[in-house]
Amino acid sequence: MPIDDINRGAAAARHAKLCDELRRHNHLYHVLDRPEISDADYDRLFRELVELENTWPELVASDSPSRMVGAAPAEKFSPVVHAVPMLSLKNVKSPEEFLEFDTSIRKNFLAREEAIDYVCEMKLDGVAVELTYEHGILATASTRGDGSTGENITENIRTLSSAPRTLAPPFPPLLDVRGEVYIDLKDFQQLNRDQEEAGERSFANPRNAAAGSLRQLDAAITARRPLKIFCYGTGRWQDGHHKSHLESLQRLAEMGLRVNLAETVSVRGAEGVLEHYRNLLARRDSLPFEIDGMVVKVNDLALQQELGALSRTPRWAVAFKFPPRQEETIVEGVGLQVGRTGAITPVAHLKPVNISGVTVSRASLHNWDEIARLDIRVGDHVVVERAGDVIPDVVRVLAERRTGSEQTVEIPTVCPDCGGPVRKNEGEVVPRCTNSHCPSQTVERIKHFVSRNAMDIEGLGEKQILQLISLGKVKTVADLYRMDKEDLFAMERMGDVLADKLLHAIEQSKFRPMSRLLFGLGIRHVGMHTAKILAKRFTSLDTLAQADAEGLISIHEIGGKVAESLIDFFADPVQKQLLGQLRDLGVSPTEEAVVRQNGPLTGKTLVITGTLERMSRKEAEDLVERLGGRAAGSVSKKTDYLVAGPAAGSKLDKAQKLGIRILTEDEFLQMTRSEEGT
Ligand code: IVH
């Protein structure tokens with residue numbers, strides 16, 4: 001094979017993997033508010049994707065994460081299409097990079113030597129929203145979502161006292177206002193204290209707290225959260241006559257919208273921007289909220305227009321990010337955490353240090369290779385970094401401060417919790433406790449089982465689970481369904497009302513969709529996505545338990561690793577017993593969207609593209625899946641049909657080239673109707 005084809009093959013494989021990973025992290029960040037990686041790691045993956053796509057342009061599909069902003073909206077809120085897409089911003093991370101940006105737009109796009117007038121704003125770290133005012137009345141509020149479609153959070157936004165329900169005249173007939181919903185640091189700390197008290201999960205940072213508070217289905221919960229909004233831009237502005245961005249912000253403020261005008265500064269040229277950047281950086285710690293940099297925008301709207309936008313980002317604005325916060329502290333110990341699968345991971349216990357309003361006393365060490373790479377020892381002075389999000393990292397050891405009394409960290413040979421045997425599987429960096437009755441594993445398994453994406457039992461936080469275990473009330477997840485009110489009364493601060501509430505939540509969890517139970521069981525390699533695929537194919541755990549490897553692998557997206565893990569799980573007598581107990585206790589998961597066994601869509605792969613007139617793309621995709629087909633994001637040789645609405649683009653071209661059958665929306669509907677009639 002020519003070397004170029006080999007390279008292209010490798011690039012395509014890496015590209016597919018990066019797309020999957022980025023989509024997953026987008027979902028974790030934007031929809032679940034539970035990021036697993038730092039912003040810096042995300043940026044690294046994203047940059048790699050963009051570089052690959054620059055080298056191999058044929059790999060780019062219109063649904064590549066490089067073409068999307070954020071993630072597709074969650075299913076629980078209705079979708080809102082942004083009339084003007086909500087773009088994201090390109091980042092620059094140093095004065096040099098900012099100078100490059102300034103030179104590039106002046107020389108390459110505006111052909112001018114002269115300095116540009118910029119507006120510098122604070123870049124608040126919260127959640128981007130759009131508020132639409134019709135004739136001065138707040139009609140709709142939505143999240144950014146994937147940039148073109150967000151979630152309808154009107155009721156939630158109405159609870160914010162800083163988001164006016166009506167505008168002060170004169171106002172335009174139609175106005176889309178964009179801004180950031182955030183939480184002040186002081187309020188964030190109080191909120192976390194309250195959450196912990198109530199046995200709820202605390203938030204990793206103010207951004208997550210704001211996102212979690214805003215995306216509540218019950219707006220009464222949002223109302224109790226200390227959310228605020230600062231407006232920084234607009235979408236549609238009917239009959240707007242202003243000439244500059246600053247002027248538009250001043251107009252918004254006059255209409256009663258909350259704009260951070262005191263910190264919105266107009267400056268001349270790159271020099272002015274750099275001076276303001278230094279000034280703001282120096283004041284970063286004295287602000288009541290978290291900012292992760294500043295946003296620099298070309299002030300003149302005509303120039304903005306001339307510069308235009310790329311698919312995700314405008315050319316007329318840039319996020320000038322601050323360096324991640326770093327602080328020095330001491331590693332007081334290295335704790336060993338035993339996860340629900342027995343994996344033992346090291347965690348640095350730090351002398352508590354305040355990093356931008358968040359007290360940090362633990363840092364992730366990731367794995368044993370990382371400890372060796374950084375050569376971290378107990379007693380070491382280290383630099384820790386909080387990149388705005390997730391768990392902080394140890395960046396480096398200050399080896400020059402060693403006294404010689406520091407202790408190296410050994411890989412455990414027995415489980416730190418139960419003393420059971422530890423095994424390191426070949427090819428893995430993680431040592432694992434092999435005792436399935438290990439108490440730490442039990443706690444983690446129960447925590448996972450009750451977690452939001454699994455059985456979602458509210459009111460059972462870590463504190464409560466530990467108590468129930470130490471009181472001997474709970475040993476396995478089945479025991480949760482055996483508890484009565486008396487059992488709960490043994491817990492601290494458990495009154496009648498709370499006990500009823502908890503029992504009700506436990507009872508309700510019996511009827512969650514099958515995918516949640518499957519995910520909650522914590523089978524290795526079965527994440528939420530895989531659980532959904534399985535639950536769609538097998539209507540009960542019993543039928544899944546009977547499936548053989550061949551049958552499992554024949555399912556799209558299920559590989560050998562997952563199949564092996566499922567077979568091991570269902571063959572394990574302990575798990576068999578547990579499943580039997582859950583069934584006897586009345587845990588009867590509801591069916592996932594039913595999959596039809598035969599008919600024109602069974603086993604077929606469809607791609608929907610363009611704008612459909614009768615239904616949203618999401619609805620069409622759901623319909624395909626309900627009728628046993630697969631809705632894919634991109635066209636390939638495996639595609640059976642392409643459903644093309646008006647304004648279909650590159651996918652249509654590709655399908656035509658590949659000779660794939662193309663359906664109009666009507667033809668597609670006809671097909672589904674004949675299917676539903678069968
Ligand atoms: S302007 C086209 N201004 O940063 C302009 N964004 O990736 C897009 N943000 O999604 C946004 N403060 O969530 C703008 N003063 C500000 C901002 C700001 C925070 C957020 C916003 C946006 C993200 C940029």
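Computed from heavy atoms alone, side chains included, the values below leave out hydrogens, waters and symmetry copies. When a ligand or atom number is given, it counts from 1 through the structure's own listing order.
Near R144, meaning under 4.0 Å from any of its heavy atoms, are these atoms of ligand 1: 10 (O). Residue S88 approaches ligand 1 through these ligand atoms, each under 4.0 Å from one of its heavy atoms: 7 (O).
Taking atom 8 (C) of ligand 1 as the reference point, the nearest protein heavy-atom neighbour is L87 O, 3.7 Å. Distance from atom 12 (N) of ligand 1 to its nearest protein heavy atom, with residue and atom name: L124 N, 3.3 Å. Of all protein heavy atoms, the one lying nearest to atom 2 (C) of ligand 1 is P314 CG, 3.5 Å.
Checked against the 6.0 Å centroid threshold, H245 and W316 do not count as a close aromatic pair. For F230 and Y182, the distance between ring centers is under 6.0 angstrom.
No salt bridge links R207 with E290; every basic N to acidic carboxylate O contact stays at or beyond 4.0 Å.
T154 places a side-chain N or O within donor-acceptor distance of the main-chain N or O of A141, the cut-off being under 3.5 Å.
Between the choices L89, D292, N260, T313, the shortest heavy-atom distance to atom 7 (O) of ligand 1 belongs to L89. Atom 3 (N) of ligand 1 has its nearest heavy-atom neighbour, among K90, K123, R312, K297, in K297. The option from Y232, Y182, W316 that lies nearest to atom 14 (C) of ligand 1, judged by heavy atoms, is Y232. Counting only non-hydrogen atoms, the option in M86, E180, M122, E121 that gets closest to atom 13 (O) of ligand 1 is E180.
Just one of Y277, Y118, F101 meets the ring pair (Phe, Tyr, Trp, His ring centres under 6.0 Å) condition when paired with F320; it is Y277. The only member of K321, R284, K93, R386 that meets salt bridge (charged side-chain N to carboxylate O under 4.0 Å, His left out) when paired with D292 is K321.
Inter-residue side-chain proximity for V295 and V318 is flagged as unmet; no heavy-atom pair is nearer than 4.5 Å.
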